[in-house]
Amino acid sequence: MKKALVTGASRGIGEAVARALAKAGFKVYVNYLNSEEKAFAIANEIGGLAVKADVSDLEQVRSMFDETGDINVLVCNAGISEYGLFLDTSPEKWRRIFAVNTDGAYNCMRCALPSMIHAKSGSIITISSVWGICGASCETAYSASKAALIGLTKALAKEVGPSGIRVNCIAPGVIETDMMALFTEEDRAALREQTPLCRLGTPVDVAELAAFLASDKSGFITGQVFGVDGGFGI
Ligand code: NAP
C-alpha cells in the first residue's frame, strides 16, 4: 500500500487532502501540532496514523519520519498566516511565518527525498497561495513565504525530475477554513464578489486536485503552479 504524509492535516485543507488520499487508497499519516484529538479522530476514521511534529523544527520532523518510514507522497500543507501592516511585522513574526510555511516544507522534503530518490519515484505537493503569486496588502510575510514555496517547487522539480520525482504546487484562493476566522461576513461578501465563480472555495476543492497530483494520472506533470481560486487570481 502506498503511503502519504500530509502536514497540518488536523483541520481545514490538510484534513480534506488526507481524506481524499485515503479514499484514493493511500495509507495516510496525519501530521498535527496542537489539534491532537482532531488528528487522532481523522486518522482513526480513514485508517491512517496521527503523527505529531512542529514542521519548523527539523529534529521533530526527523522523528516524525522515523515513525512514518519511507513515503510515496508528501503534501507540504501546514501553514500559518498573520494580518497586519508591514511595519508592524516584528522580526520574530516574520521569522515564525517563514519557519512554518517555508522552512517547514524544506524540512519535510529533506526527510522524504532520500527514499524517493532511491525508489526513483514520488510526488511532492506544496500548498502555496494566490497571495504568493499576486501579493496581499497587510500580509507581506505570508505572501513572501508563499512565493518562496513556488520558487522551491520549481527548482526542486528540475533537480529531482531525472530521479522520477514530481514536485507541484497548488495555490488556493480564498478557502473556507479556520484561517478565515478573522474575516467578517462583509469581508466574505467582498471576496465572493471579486471571485469570477462568485463563491469562496472549500477544502474539498483543493483536495480533489491534490489527489490527482498524487496519482499516476498526473505522471507527466511537474514544476507547475495550479490556482484553485475560482478565478480570483486572474
Ligand atoms: P487552518 O485551517 O488554519 O489549518 C492549519 C493547519 O496547519 C492545522 O492542521 C495546524 O495544525 C497546522 N499547523 C500550523 N502550524 C503548524 C506547525 N508548525 N507544524 C505542523 N502543523 C502546523 O489552515 P488552512 O486554511 O487549512 O490552510 C492550510 C494551508 O493552505 C496553509 O498552508 C495555508 O497557508 C494555505 N492556504 C489557505 C487558504 C485559505 O483561504 N484558507 C488560502 C491559500 C492557501 P494544529 O491545529 O494541529 O496545530
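Values below: every heavy atom of this structure, side chains too, minus hydrogens, waters and symmetry copies. Whatever order the structure lists them in is the order used to number ligands and atoms, beginning at 1.
Using a 4.5 Å cut-off between side-chain heavy atoms of Ile, Leu, Val, Met, Phe, Trp and Tyr, with links allowed through other members, L49 and Y32 fall into different hydrophobic clusters. Following chains of ILVMFWY side-chain contacts shorter than 4.5 Å, one can reach F226 starting from L21, so the two form part of one hydrophobic cluster. When hydrophobic clusters are built by joining Ile, Leu, Val, Met, Phe, Trp and Tyr residues whose side-chain heavy atoms come closer than 4.5 Å, directly or via intermediates, V167 is grouped together with L149. The hydrophobic clustering, which links ILVMFWY residues whose side-chain heavy atoms are closer than 4.5 Å, places V61 and Y29 together.
The closest approach between S128 and ligand 1 falls below 4.0 Å for a heavy atom of the residue. Residue contacts with ligand 1: G201 is excluded, as none of its non-hydrogen atoms falls under 4.0 Å. Residue contacts with ligand 1 do not include W131, since none of its heavy atoms lies under 4.0 Å from the ligand. Look at K146 and you'll find a heavy atom under 4.0 Å from some atom of ligand 1. Ligand 1 does not have T7 within reach: every non-hydrogen atom of the residue lies 4.0 Å or more from it.
Protein heavy atom in closest approach to atom 3 (O) of ligand 1: R11 NH1, 3.3 Å. Protein heavy atom nearest atom 6 (C) of ligand 1, with residue, atom name and distance: G8 O, 3.7 Å. Summary of contacts: the protein heavy atom closest to atom 36 (N) of ligand 1 is Y142 OH, 3.5 Å. In terms of protein heavy-atom proximity, atom 40 (O) of ligand 1 is closest to I175 N, 2.9 Å. From the protein, the heavy atom lying nearest to atom 48 (O) of ligand 1 is N34 N, 2.9 Å. Given atom 42 (C) of ligand 1, the protein heavy atom at minimum distance is G173 O, 2.9 Å. The protein heavy-atom contact nearest to atom 18 (N) of ligand 1 is D54 OD1, 2.9 Å. What sits closest to atom 26 (O) of ligand 1 on the protein, heavy atoms only, is I13 N, 2.8 Å.
Here is the list of ligand 1 atoms found below 4.0 Å of a heavy atom in N31: 20 (C), 21 (N). Heavy-atom proximity to V174, at under 4.0 Å, picks out these atoms of ligand 1: 40 (O). Shown in contact with D178 at under 4.0 Å from a heavy atom are these atoms of ligand 1, numbered in order with element: 2 (O). Taking every non-hydrogen atom of A53 and a distance limit under 4.0 Å, the qualifying atoms of ligand 1 come out as 19 (N), 20 (C).
Using a 4.0 Å cut-off between charged side-chain N and carboxylate O, E15 and K38 make no salt bridge. The pair D70-K2 fails the salt-bridge criterion, with no side-chain N (NZ, NE, NH1 or NH2) lying under 4.0 Å from an Asp/Glu carboxylate O. Between D216 and R166 there is no salt bridge, since no side-chain nitrogen of the basic residue lies less than 4.0 Å from a carboxylate oxygen of the acidic one. Taking 4.0 Å as the cut-off between side-chain N and carboxylate O, E45 and R19 count as a salt-bridged pair. Here E92 does not pair with R95 in a salt bridge; the nearest charged N to carboxylate O distance is not below 4.0 Å. Checked for salt-bridge contact, R192 and E185 meet the test: a charged N lies under 4.0 Å from a carboxylate O.
Looking at V55 next to ligand 1, an N or O pair under 3.5 Å apart turns up. Of the polar atoms of Y32, none of the N or O atoms is found under 3.5 Å from an N or O of ligand 1, judged by distance alone. Between M180 and ligand 1, no N or O atom pair is found at a separation short of 3.5 Å.
The main-chain N or O of L85 is found under 3.5 Å from a side-chain atom of T89 such that the two form a donor-acceptor pair. Not one N or O on the side chain of D103 forms a donor-acceptor pair closer than 3.5 Å with the backbone of S56.
Between F232 and W131, the distance separating the two ring centers is shorter than 6.0 angstrom.
Contacts with ligand 1 closer than 4.0 Å are made by side-chain heavy atoms of R96 only, the backbone lying farther away. At a heavy-atom distance under 4.0 Å, no atom of V206 approaches ligand 1.
Looking at A9, S35, A39 and measuring to atom 47 (O) of ligand 1, the nearest heavy atom belongs to S35. Summarising the contacts of atom 32 (O) of ligand 1 with N77, N101, I127, the nearest heavy atom is found in N77.
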Go through it in stages, so that I can follow the logic: the residues are D66 and S63, the test is side-chain hydrogen bond (donor to acceptor under 3.5 Å, both in side chains), and I'd like the CA-CA distance, side-chain angles, deciding distance and then a yes or no. CA-CA 5 Å; D66 287 343; S63 302; 4.9 Å; no
